[in-house]
2 protein chains.
Amino acid sequence: MRRPTIMDIAKAAGVSKGAVSYALNGRPGVSEGTRKRILDIASDLGWAPSNPARALAAGGRVGAVGLVVDRPSRSLGIEPFFMQLVSGIETELSATGVDLLLQVTEDTDTELAVYRRWASERRVDGVVMVDLRVDDPRPAAVRGLGLPAVLLGGPGGAGDLPCLYTDDSSSVREVVRYLAALGHRHVVQVSGPEEFAHTVDRGEAFREAADRAGLAGAYSVHSDYTGEAGARTTRRLLAAAERPTALVYDNDLMAVAGLGVAAEMGVDVPSQLSIVAWDDSALCRLVRPSLTAIGRDVVGHGRQVARMLGRVLEGEPVASQESSAGELHPRGSTGPLVVSHVSAVTSE
Amino acid sequence: MRRPTIMDIAKAAGVSKGAVSYALNGRPGVSEGTRKRILDIASDLGWAPSNPARALAAGGRVGAVGLVVDRPSRSLGIEPFFMQLVSGIETELSATGVDLLLQVTEDTDTELAVYRRWASERRVDGVVMVDLRVDDPRPAAVRGLGLPAVLLGGPGGAGDLPCLYTDDSSSVREVVRYLAALGHRHVVQVSGPEEFAHTVDRGEAFREAADRAGLAGAYSVHSDYTGEAGARTTRRLLAAAERPTALVYDNDLMAVAGLGVAAEMGVDVPSQLSIVAWDDSALCRLVRPSLTAIGRDVVGHGRQVARMLGRVLEGEPVASQESSAGELHPRGSTGPLVVSHVSAVTSE
DNA sequence: TTGAAAGCGCTACCAC
DNA sequence: GTGGTAGCGCTTTCAA
């Protein structure tokens with residue numbers, strides 16, 4: 001039992017292939033009567049368009065977009081960000097019957113190779129890119145490949161790619177002011193790898209905000225988003241002579257790790273140490289104390305970026321858009337600084 | 001500048017399209033000399049096969065497989081399992097230039113609709129299925145669609161699908177014996193939704209093992225894998241008159257939530273309560289105390305299941321395979337039961 | 001409004 | 001070995 005083709009429908013309806021194609025695609029060229037008849041027959045036959053055939057025919061789309069995730073696989077599994085993003089992107093795509101190709105890579109070169117393959121083999125109509133880096137070669141590369149793309153991030157360094165970006169600096173300022181108001185002077189930012197553009201942005205915003213708030217003991221250290229590195233970094237910071245009283249992490253994973261290290265070292269949170277996480281996820285609400293975090297609507301961002309890509313594929317001019325800044329959700333991990341450093345009474 | 005086609009190569013080489021096709025696909029029909037010449041020209045021209053064309057031509061593959069993930073989106077984002085699985089599947093697929101289509105759905109009906117669409121529109125060559133349920137309609141559905149598939153789970157209830165399955169009962173027994181040896185009598189299993197086949201399996205294995213170990217106060221309660229539900233369930237259990245002394249969770253997310261609830265209720269882990277998580281992920285090592293967990297090689301499972309699907313697509317007969325059982329990683333969340341229920345000295 | 005026919009890029013079959 | 005050629009299922013142009 002072969003899959004029915006438009007030819008089968010044409011025969012059954014006693015019309016030509018062309019007429020069927022017009023009817024099925026809702027475009028002018030057939031009368032309403034014939035259209036309805038054709039549609040009925042198509043549904044009777046259980047017809048569905050062959051995607052390869054559609055893609056092959058003059059200028060057809062392949063009906064798929066790609067997303068490459070380039071992060072160390074250790075942190076990937078646990079990083080809530082991506083699945084949420086994927087979920088959002090798909091919500092939007094599924095409405096138009098477009099599929100999502102997901103690829104996980106180890107480094108930027110491999111990522112570029114994937115784009116090259118997708119473009120040359122005509123696997124996707126366009127891609128969504130994330131995690132813009134300093135001197136990122138990808139905007140130029142996809143441009144060179146003629147591969148339509150939108151970027152979640154930027155807009156600096158994105159070339160002429162349409163971006164969906166957030167102004168993190170206002171969130172950073174909010175956090176710094178909040179911590180300063182709680183009495184913290186010695187605030188340290190545990191940021192992501194310095195090659196990420198948003199890390200650089202947040203770092204600058206942090207220094208600026210700290211200066212403005214008069215926090216002399218504020219500085220940033222780089223880590224790599226994984227729990228292990230977050231733990232290591234935290235251990236070093238808490239073992240220093242001048243122990244920070246507040247830590248701001250660039251993602252929730254490192255923050256959770258930091259919380260664990262604080263517990264392990266007998267540093268009470270929040271009385272001796274306040275912790276702020278960047279990405280807010282269920283994780284932040286699960287641990288104790290729950291983590292104060294800056295939340296973004298990742299699913300919403302996924303939806304919006306998918307919508308932008310959709311418009312790019314339609315050939316419409318798409319301008320970069322700024323999305324709302326992350327919101328601070330104060331929870332149990334932040335509190336007023338307790339001046340005297342009484343060592344915690346551990347329960348033994 | 002058009003993409004080069006085999007016709008361009010044929011002209012440049014002064015041969016026919018057919019010859020080029022043979023040469024490019026490494027099959028007999030051309031002499032070694034011409035083959036080499038054709039290959040060189042193809043690479044000079046930067047030729048790459050058009051996937052839609054390949055798929056459309058007689059019996060061609062579309063070179064993509066699908067994975068549908070059907071879980072509440074709240075837990076999804078944070079559930080390390082899937083990204084690891086995806087990562088493993090892709091490692092294997094990328095070697096053969098096959099892409100992965102990922103779709104997140106809300107319920108089984110939507111999942112079935114996705115398979116139907118993928119099959120009828122020829123979007124994928126086959127699918128990987130996970131999370132087998134009791135009376136799962138999917139094996140029969142994909143069979144009816146003629147959609148090649150392999151299942152991670154089963155083999156009971158999988159019909160004639162090739163499965164990659166684990167015998168969880170031995171792991172369950174190991175955990176129960178371990179907890180019993182630590183002096184625990186009142187052990188409760190916080191399992192996933194009862195519609196999942198592996199939940200049923202583990203539940204039975206748990207009861208059996210508990211009986212054999214003489215644990216009178218052992219029983220199971222159902223939860224739904226999300227952190228929220230895990231927390232709620234734990235709260236209820238710890239508030240009961242007969243408080244359990246050990247909890248075994250069906251995934252790491254609920255276990256972390258349970259750990260948080262214990263802290264919140266002043267129940268010390270592990271002196272008053274031992275906690276075991278099922279899926280071992282970085283998360284288990286991040287929290288304090290770190291979680292004793294049963295770890296599986298999820299990435300490895302992904303690779304293997306992808307390999308099995310590959311063989312199915314080759315038309316080879318593929319038998320179900322049993323993968324190694326999960327291993328127990330004892331960490332800080334489990335310990336000997338401290339008999340007297342001294343309420344914890346909280347650090348205040 | 002309708003029908004016929006020409007590709008899209010590739011594979012596979014046929015004769016040569 | 002090799003070179004023509006007929007599709008795969010669809011879209012689209014061009015006549016009728």
Side-chain angles (χ1 to χ4, degrees), chain A residues 1-39 41-42 45-64 97 117-123 125, chain B residues 1-39 41-42 45-64 97 117-123 125:
Chain A
M1 196 197 83
R2 238 178 58 269
R3 297 163 24 91
T5 74
I6 55 167
M7 194 57 206
D8 297 324
I9 300 176
K11 275 188 199 138
V15 297
S16 74
K17 270 168 52 180
V20 174
S21 179
Y22 286 143
L24 258 18
N25 291 301
R27 56 182 67 213
V30 286
S31 65
E32 271 318 305
T34 13
R35 159 161 300 151
K36 172 143 186 17
R37 196 155 47 86
I38 289 175
L39 255 36
I41 294 176
L45 261 42
W47 176 88
S50 155
N51 197 60
R54 245 195 194 160
L56 185 57
R61 305 262 183 80
V62 298
R117 187 173 67 81
W118 278 350
S120 64
E121 298 183 0
R122 248 158 91 44
R123 294 277 188 162
D125 295 318
Chain B
M1 195 196 84
R2 237 178 58 269
R3 295 161 27 87
T5 74
I6 55 167
M7 194 55 206
D8 297 323
I9 300 177
K11 277 189 200 138
V15 298
S16 73
K17 268 168 55 180
V20 174
S21 179
Y22 286 140
L24 257 18
N25 291 301
R27 55 181 72 212
V30 284
S31 65
E32 271 319 305
T34 11
R35 159 160 300 149
K36 170 138 188 22
R37 196 153 48 87
I38 289 174
L39 255 36
I41 294 176
L45 261 43
W47 177 89
S50 155
N51 197 60
R54 250 200 187 155
L56 185 56
R61 304 259 184 81
V62 298
R117 187 173 67 80
W118 279 350
S120 64
E121 298 183 0
R122 247 157 94 42
R123 295 276 189 162
D125 296 317

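These numbers come from the heavy atoms of this one structure, side chains and all, not from hydrogens, waters or symmetry mates. Protein chains get the first letters and strands the later ones, always in sequence-line order, with residue 1 at the start of each.
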Considering every strand and a 4.0 Å limit on heavy-atom distances, what is the contact class for A:Gly14: base, sugar-phosphate, or nothing?
sugar-phosphate
Contacts of [X] that satisfy side-chain hydrogen bond (donor to acceptor under 3.5 Å, both in side chains) - sequence neighbours left out:
X       : answer
B:Arg54 : B:Asn25
A:Ser16 : none
B:Thr34 : B:Ser31
A:Arg35 : A:Glu32

Start and end of the DNA chain D segment that chain B contacts, any atom under 4.0 Å from a heavy atom:
D:dG1 to D:dG9
Sort out for me which residue in B:Asp8, B:Ile9, B:Thr5 forms a side chain to side chain contact (heavy atoms under 4.5 Å, CB included) with B:Val20.
B:Ile9
With no hydrogens and no angle check, is any side-chain donor or acceptor of A:Asp125 less than 3.5 Å from a backbone partner on A:Gly63?
yes
Under 3.5 Å, side chain of A:Arg123 to main-chain N/O of B:Pro52, donor-acceptor pair present?
no
Just to verify, what does B:Ala119 make a side-chain contact (heavy atoms from CB on, under 4.5 Å) with, not counting sequence neighbours?
B:Leu145, B:Leu147
Set of side-chain contact (heavy atoms from CB on, under 4.5 Å) partners for B:Ala13, sequence neighbours left out
B:Val15, B:Arg37, B:Ile38, B:Ile41
So how far off straight is the helix from C:dT1-D:dA16 to C:dC16-D:dG1, going by the axes through five pairs at either end, to 10°?
50°
What residues form a salt bridge (Lys or Arg N to Asp or Glu O under 4.0 Å) with A:Lys11, not counting sequence neighbours?
none
How does each nucleotide of nucleotides 8-16 of chain C score, in 5' to 3' order, for protein heavy atoms under 4.0 Å: base (B), sugar-phosphate only (S), or none (-)?
BBBBBB---
